Amino acid sequence: MHASQPRCHRVIAIDGPAASGKSSVARELSRRLGFVYVNSGAIYRAITWHILQKKIHPEESDRIAGALRVAGITCRLQDNESRILIGGVDPGEHLRDDPVNKSVAGVSQFPVVRQLVAKKLHEDAQSHDLIVEGRDIGSVVFPDTPYKFYIDASPEVRLQRRAAQGERDEIAIRDRADSLRPVSPLVIAKDAHVIDTSHLTIQQVIDQIIGLLKKMGLPI
Ligand code: DC
């Protein structure tokens with residue numbers, strides 16, 4: 001991984017399981033603080049979409065590695081959000097398609113995929129202050145950032161949130177795969193602040209995080 005690479009800018013890590021509310025929180029926080037928002041799950045989803053487009057089976061790690069070597073993955077800034085282009089295409093509208101939901105946890109278990117995503121995130125951190133959401137951001141990708149949050153919610157609330165978004169997403173299966181994979185599993189970084197959002201509004205979560213960031217000395 002690239003955890004030891006020098007980082008010029010500040011990074012706020014927001015990790016947590018599927019449908020815990022971390023995207024809404026991270027996006028709103030980026031508006032409030034002016035940091036660039038990066039959804040690392042979207043990069044794993046874009047890679048998965050590309051692999052499926054190429055008719056590569058999500059378990060064929062060698063073919064996945066080969067496809068990624070030639071894919072041309074770049075990020076561009078849009079409205080203070082980092083968006084991924086793969087092979088020159090922004091797969092935005094396809095990122096939450098059923099086949100992507102089903103395969104993304106499998107594709108993201110492979111070290112070659114994880115190293116590529118970590119490299120992209122480190123490149124972003126060379127030029128911008130970032131709010132990065134994901135599964136291993138505080139534990140593996142940016143272990144030296146002091147600003148780490150783990151956003152959680154009960155399984156019932158998370159299921160309700162996904163259903164309200166009108167999405168079919170087997171979050172229990174993804175949670176299991178994300179937590180049990182050998183490389184960079186979903187864990188709570190030991191120095192992360194854990195926030196259970198089950199009974200909180202986004203605004204309440206943001207207020208808690210901003211309060212904690214101020215206490216940690218971030219000038220905001
Ligand atoms: O945040 P999300 O549900 O959109 O993430 C989709 C998948 O991407 C998730 O099931 C596992 C993978 N992922 C990961 O392995 N590591 C990250 N930092 C972010 C996402």
Side-chain angles (χ1 to χ4, degrees), residues 1-3 11-27 29-30 37-52 58-59 61 64 68 73 75 81-84 86 91-125 130-143 145 148-153 155 157-159 161-165 167-189 192 197:
M1 286 291 151
H2 304 266
V11 172
I12 298 174
I14 302 204
D15 289 302
S20 55
K22 59 189 187 311
S23 299
S24 312
V25 167
R27 186 173 278 123
L29 201 58
S30 94
Y37 166 56
V38 187
N39 179 345
S40 66
I43 310 179
Y44 287 101
R45 286 173 179 275
I47 290 171
T48 303
W49 174 79
H50 181 74
I51 296 304
L52 295 173
E59 282 170 17
S61 62
I64 292 175
L68 292 182
I73 299 178
C75 296
E81 281 193 30
S82 175
R83 295 187 68 100
I84 182 154
I86 188 155
E93 64 186 279
H94 297 293
L95 293 183
R96 310 201 78 90
D97 287 355
D98 286 354
V100 174
N101 278 344
K102 274 206 190 87
S103 300
V104 64
V107 170
S108 51
Q109 74 180 303
F110 296 118
V112 65
V113 176
R114 305 208 68 78
Q115 280 160 12
L116 178 70
V117 176
K119 185 165 170 272
K120 292 280 160 212
L121 297 174
H122 278 270
E123 282 168 11
D124 281 349
L130 303 180
I131 295 181
V132 189
E133 66 154 288
R135 301 291 188 288
D136 61 341
I137 305 305
S139 57
V140 174
V141 183
F142 294 108
T145 181
K148 299 181 189 180
F149 299 91
Y150 186 92
I151 305 292
D152 209 348
V157 168
R158 295 194 287 123
L159 268 177
R161 286 178 183 163
R162 267 298 185 265
Q165 290 165 333
E167 246 185 75
R168 276 219 327 254
D169 186 2
E170 308 270 4
I171 59 174
I173 295 174
R174 276 205 298 133
D175 284 351
R176 215 179 128 71
D178 292 345
S179 304
L180 296 182
R181 68 172 170 240
V183 186
S184 312
L186 171 67
V187 291
I188 304 177
T197 69

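Whatever order the structure lists ligands and atoms in, that order sets their numbers, starting from 1. Quantities reported herein were computed from a predicted structural model and do not represent experimental measurements.
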Could [X] and [Y] be called an ion pair, given the rule that one side-chain N must be under 4.0 Å from one carboxylate O?
X      : Y      : result
Arg174 : Glu170 : no
Arg27  : Glu81  : yes
Arg135 : Asp178 : yes
Asp97  : Arg45  : no

Identity and distance of the protein heavy atom lying nearest [atom]:
atom                    : answer
atom 13 (N) of ligand 1 : Tyr44 CD1, 3.5 Å
atom 1 (O) of ligand 1  : Arg135 NH1, 2.9 Å
atom 4 (O) of ligand 1  : Arg45 NE, 2.7 Å
atom 12 (C) of ligand 1 : Ser108 OG, 3.4 Å
atom 6 (C) of ligand 1  : Arg174 NH1, 3.3 Å

Quiz prompt | Heavy-atom donor-acceptor pair, Gln109 side chain to Gly106 backbone, under 3.5 Å | solution =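 Yes, the answer is positive, given that a donor and an acceptor are paired below the 3.5 Å cut-off.
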
Quiz item: Just by distance, do the side chain of Ser108 and the backbone of Ala105 share a donor-acceptor pair under 3.5 Å?
Solution: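 Yes; at least one donor-acceptor contact below 3.5 Å.
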
Quiz item: Can Val107 and Ile47 be said to form a side chain to side chain contact (heavy atoms under 4.5 Å, CB included), step by step?
Solution: CA-CA 8 Å; Val107 170; Ile47 290 171; 4.1 Å; yes

Quiz item: Just which atoms of ligand 1 are under 4.0 Å from any heavy atom in Ser40?
Solution: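 Answer, ordered by atom number: 17 (C), 18 (N), 19 (C).
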
Practice problem: Any atoms of ligand 1 less than 4.0 Å from a non-hydrogen atom of Lys22? List them with their elements. | Solution: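 Near Lys22, meaning under 4.0 Å from one of its heavy atoms, ligand 1 has 1 (O).
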
Quiz prompt | Asp136, portion touching ligand 1 at heavy-atom distance under 4.0 Å | solution =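 The part of Asp136 near ligand 1 is both the backbone and the side chain.
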
Quiz item: Under a 4.0 Å heavy-atom limit, does Arg181 contact ligand 1 with its side chain, its backbone, both, or neither?
Solution: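 For Arg181, only side-chain atoms sit under 4.0 Å from ligand 1.
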
Quiz item: Counting heavy atoms only, which of Asp178, Val113, Ile43 comes nearest to atom 11 (C) of ligand 1?
Solution: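 Minimum heavy-atom distance to atom 11 (C) of ligand 1 goes to Asp178.
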
Quiz prompt | Between Glu133 and Ser23, a side-chain donor and acceptor under 3.5 Å | solution =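 Yes.
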
Self-check item: Contact check: Arg114 vs ligand 1, nitrogen or oxygen atoms, below 3.5 angstrom
Solution: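 By distance alone, the answer is yes.
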
